[in-house]
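First comes the structure, then the notes that go with it.
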Amino acid sequence: MRDHFSSSHPLIQAIYFVAVLIFSMLFMHPVFQLLALTAAAAYVLLLKGRRAVRFLLLGMVPLLLLAAVLNPAFNHAGVTILFYLRSGNPVTLESLLYGVAAACTFVTVIIWFSCLHVVMTSDKWVYLLGRILPALSLLLTMSLRFVPRYVEQAKRISAAQRCIGRDVTQGNWLVRARNGMTILSILTTWALENAMETADSMKARGYGLPGRTSFSLFRWGTRDSRLLLTLLLLLGIVGLGAAAGENTIRFFPSILYPDITWRSMTVYTAYGLLCSLPLLLNGWEEWRWRSTVSAS
Amino acid sequence: MSRRTLWSAAIILVIIPATIWAGIYLLNDRRYYFVSLLIILYTMIPFALIFERRKPQARELIAIAVMASLAVAGRAAFFMLPQFKPVTAIVIIAGVSLGAEAGFLVGALAGFVSNFFFGQGPWTPWQMFCFGLIGFLAGLIFRRRDKLPTRSVLCVFGGLATLVIYGGIINFGSHLMFSPQFSWEILATVYISGFWFDLVHAAATVFFLLVLARPMLEKLERVKTKYGLIQEKS
Amino acid sequence: MAIYRIRELSFSFPEQGAPALAHIDLNIMTGEFLTLCGRSGSGKSTLLRQLKPVLTPHGRREGEILYAGEPLASVDARRQAAEIGFVQQSADNSVVTDKVWHELAFGLESLGIDQQTIRLRVAEMASFFGIQHWFHAAVSELSGGQRQLLQLASVMAMQPSVLILDEPTSQLDPIAALDFLGTLARINRELGTTIILTEHRLEEVLPITDRLVVMEHGRIVADGAPLKAAEELRRLQHPMFRAMPSAVRIHAGVGSKLVTPLTVRDGRGWLLAHLAEEQVAPAGSGQHEGASSQTRSETAAARDVNPDAGVVAKQALVPALRFRDVWFRYEKHGADVLKRLSFDVQPGQLYAILGGNGAGKSTTLSLAAGLLRPYRGQVRVEGRDPAKVRPKELFHGGLAVLPQQPQTLFVQKTVALELTDMLRDSKLDEQARQDRIQEVIAFAELEDLLDQHPYDLSGGEQQRAALAKVLLLEPKILLLDEPTKGLDAFFKEKLADLLRRLQAKGVTVVLVSHDIEFCASYADRCALCFDGAMIAEGAVREFFAGSSFYTTAANRIARDLWREAVSVEDVIRHCQEETTR
């Protein structure tokens, strides 16, 4: 399915991902965690479809369990003792729940990153970096061009070497490693010598003149302004809520979290909306499209 | 005092303590992770700013991009030995040949770019920092331009750097990512469980340096003299 | 008005005796389409680089260059960058960024132009060059031709008043090269941009050229309109004359007094006129001509030594290379690349496989080398399945492959070390190794290049060094992938000579190529690969007599009269026979 959030301005996407990543790492409160985890999982499903199901079930669920078990094995604080380990250390309810919360954080962050990997394509990084650090942005785009080229050349070299009887797919590991080194060595010479022509090409097109600008295809539209306003509003509410302590939870020695009030409900809603902003946007665009098509 | 020293001084004396203070008083459970992450980002900032300020020439950019891309694409040359990754070795070679600053940039860029192909994650900044630091140290230690370092010295450095710096920092980072509270017990477990992995990584680096360092350094020297790649900086 | 005035320009590289350029005097006019030719090392590229100061190599220079009336060195750097466009040989090397749109904007970014203007210029260029469809693509997804077009477009986006191109089509296949040259002609015609070009494909480029400048040993030996310059070369009996278009060479060989033709079209008209002048050509209808040429071709075929005659006797032997109903695809659900491909190469033949891009030529080569395996059908190298033979055995004293990029074989610092390295795992003793190495050095004429770094050699020399390397394996069958790519006419002749000598030693040579002229001149048998199968196959003459478009320029000029006349020499011989009859 096509993701509409991906077509918004990269700055919006960057703010969104930085916000949800930081909040997901900071907030240990179960309501906040559940909201973030659900939104992240839903978004990755929307972005990746069937591949995401495998990623969630085979990758993330075991990781969640592992992380959840790890904590109580090392952390013995808390007042509600469930049972004793063979070593004589107690396993407490608090440390168990704490483990679950920590695991949840970790998994949510990984899922957010996997969304980010799809949405924030390399050209957006190049663009965002280009605004603040143009030389590094150029380094990035050059590397992104070189890597696939070198991989392809490595394959060509490998085939050519095989044809003179130096095969990297056969023989013991030492022979293979030696032949691999040969490939890398040939690749290095080739890359360095040819790169000088690339430098010439940059100079020929005026690289190094003062006052270089940074061009991009991304344009700020009305939708981006609206998204930014929404984003800032939600961020403000969640930030105020966090300052008021709505997001905190105490695990040790006993679990303690703030009561549910209308104020906390507002912060929950704002956080839920923030995390699912791309989902809501997609729903909205879908509805708009349908109504446009049926109207015509 | 050079600009880099000023920046470093400012960061070490003011910003880092401020961050630690803020972390302790403002953040509860996640303070360890955030504070360490921010410190890592701070250390990268001066390199970025100085590089930008200097307005690097085309050939210098090219040299850094080529070495970083080689480090990433080098994996493709070793597709049949997946546990053998030449990244660290190439970053060290780049540091030795191109200098400390370029070494840092090659390392950090290689870490960043490789994650474009293998997936970004919370580990990205840590990797960038580790590779960058290794390249930087290689450049600092093997500073003498008139003579290339001997193979054995390079190998010892490579092995130690991989085991201590890369293994040390990455494992520390993954502990903080995995479990919010710092605990010596968990850290020890992470180190022990990761030890063999780190050892293979270190062995691979030593092996790569043993075989590749000499020819690659010579190749770099050749293009440096043939094309006047990087002018000697006083 | 002259855009460049070059006065008494001499240039020599540091630590080299002979000057690379000596006393060059040249005025280049605004709007001119100037082609510079000469063999490798004649100083063409050095001269081009003098015209773009940021690319000028270090060295000692005398004389002066004026750009639009000002000394070139004092022209503002920004103006130089924008007004003097430079396109390099390898698009792969010159593209800097990873996205097409970004590459188009690269030069404009350097000039510090604002977003709005860049947007407009990029859009203009994309439409002019027909790039809209791959505007958002990653550079790594493009074909070679598209990449070269991208390089051109990204230079043109800066709106240069002069465009300098250094062998821009040498890495392209013929179709992409024609497209590229067509685009250049359009730029020259529609935008009035001055074009200065070095090029080996004179057959294609001279018809669109205003002025041809020929260089030799750093000097200009001929300068003028293409036909005038060609005439000058002929008068001097200069070796570069052999690189001139077929029509010009036929005209000269026949010694006609009529106006010299340049293109195939003019050549056809001229040939008829010439024969009419000599009053020998049948002055009847086209029908009649066709019929008479039919009879002639039969007699000619009977007269020619049948190239298959020797082979028929050997037919009973095991073929050197045999493909039987070979099917191949790269991915399980992908499209078939080879479809029931069959052919035999007899021992000692020089066999050429022609075909366009994606026809399956290179795949065929990989299958023959055992790098790939067919999912149906048989591939046999001297009766053995190459994919099952251990590479060590297959590639020692059996099969050898000269890759398309000789650079994929170079590991060492000097050519001599390259050769020694090749025998590092050999069981021969030291003396025998030295003997073998000396033998290939003499064979490939590498004596003067032994101490050089492989990357400092020219394209043709690199190829000879690579060939020497694979010959150390003493192959019985040699496979070559696009061996003439990027070579000038002289290196091609040299290569042909080497291949001939190998053949004389009993080596079977199989090459895949786009280069019709080369295959027509030197192969024994040719095959045309299309859509994964061999569409046509035969001895050279019968093969080219059978196709009407996919054939040499000389054949296209004379095919209505003498169908089997493939090379320039064939046509000249026929002409002379006709006129003396």
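In what follows, every chain begins at residue 1, and chains take the letters A, B, ... in the order their sequences are listed. The analysis underlying the following values was restricted to heavy atoms, covering all of them including side chains, and did not include hydrogens, waters or symmetry mates. Computed from a prediction, not measured in an experiment: that's the story for all the values here.
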Check whether any side-chain heavy atom of C:Leu473 sits under 4.5 Å from a side-chain heavy atom of C:Met422, and report yes or no. yes

Distance, nearest 0.5 Å, that separates [atom1] of [X] from [atom2] of [Y]:
{"X": "A:Ile12", "Y": "A:Leu281", "atom1": "CD1", "atom2": "CG", "result": "10.0 Å"}
{"X": "C:Leu321", "Y": "C:Thr364", "atom1": "CG", "atom2": "OG1", "result": "9.5 Å"}
{"X": "C:Glu461", "Y": "C:Asp456", "atom1": "CD", "atom2": "CG", "result": "10.0 Å"}

Carefully, step by step, assess C:His453 and A:Thr189 under the rule side chain to side chain contact (heavy atoms under 4.5 Å, CB included). CA-CA 11 Å; C:His453 193 283; A:Thr189 317; 4.1 Å; yes

Most contacts with chain C, counted as non-hydrogen pairs under 4.5 angstrom, among [options]:
{"options": "A:Ala160, A:Gly206, A:Cys163, A:Ser214", "value": "A:Cys163"}
{"options": "A:Glu197, A:Lys203, A:Arg156", "value": "A:Glu197"}
{"options": "A:Val126, A:Ile157, A:Ile186, A:Leu140", "value": "A:Ile186"}
{"options": "A:Pro148, A:Ser201, A:Gly211", "value": "A:Ser201"}
{"options": "A:Ile164, A:Leu187, A:Thr188, A:Leu144", "value": "A:Ile164"}

Portion of [X] that has a non-hydrogen atom of chain A nearer than 4.5 angstrom:
{"X": "C:Ile118", "answer": "both"}
{"X": "C:Val87", "answer": "neither"}
{"X": "C:Arg49", "answer": "side chain"}
{"X": "C:Ile113", "answer": "backbone"}
{"X": "C:Leu409", "answer": "both"}
{"X": "C:Leu108", "answer": "backbone"}
{"X": "C:Ser366", "answer": "neither"}
{"X": "C:Gln151", "answer": "neither"}

Is it the backbone or the side chain of [X] that comes under 4.5 Å from a heavy atom of chain C, or both, or neither?
{"X": "A:Leu138", "answer": "side chain"}
{"X": "A:Pro210", "answer": "both"}
{"X": "A:Glu193", "answer": "side chain"}
{"X": "A:Ser185", "answer": "side chain"}

Looking at C:Arg119 and C:Asp114, does any basic side-chain N land under 4.0 Å from a carboxylate oxygen? no

Salt bridge check, C:Glu103 against C:Arg147: does any charged N sit closer than 4.0 Å to a carboxylate O? no

Please indicate whether C:Lys485 has more than 12 foreign heavy atoms, meaning atoms of other residues, nucleotides or ligands, lying under 6.0 Å from its NZ. yes

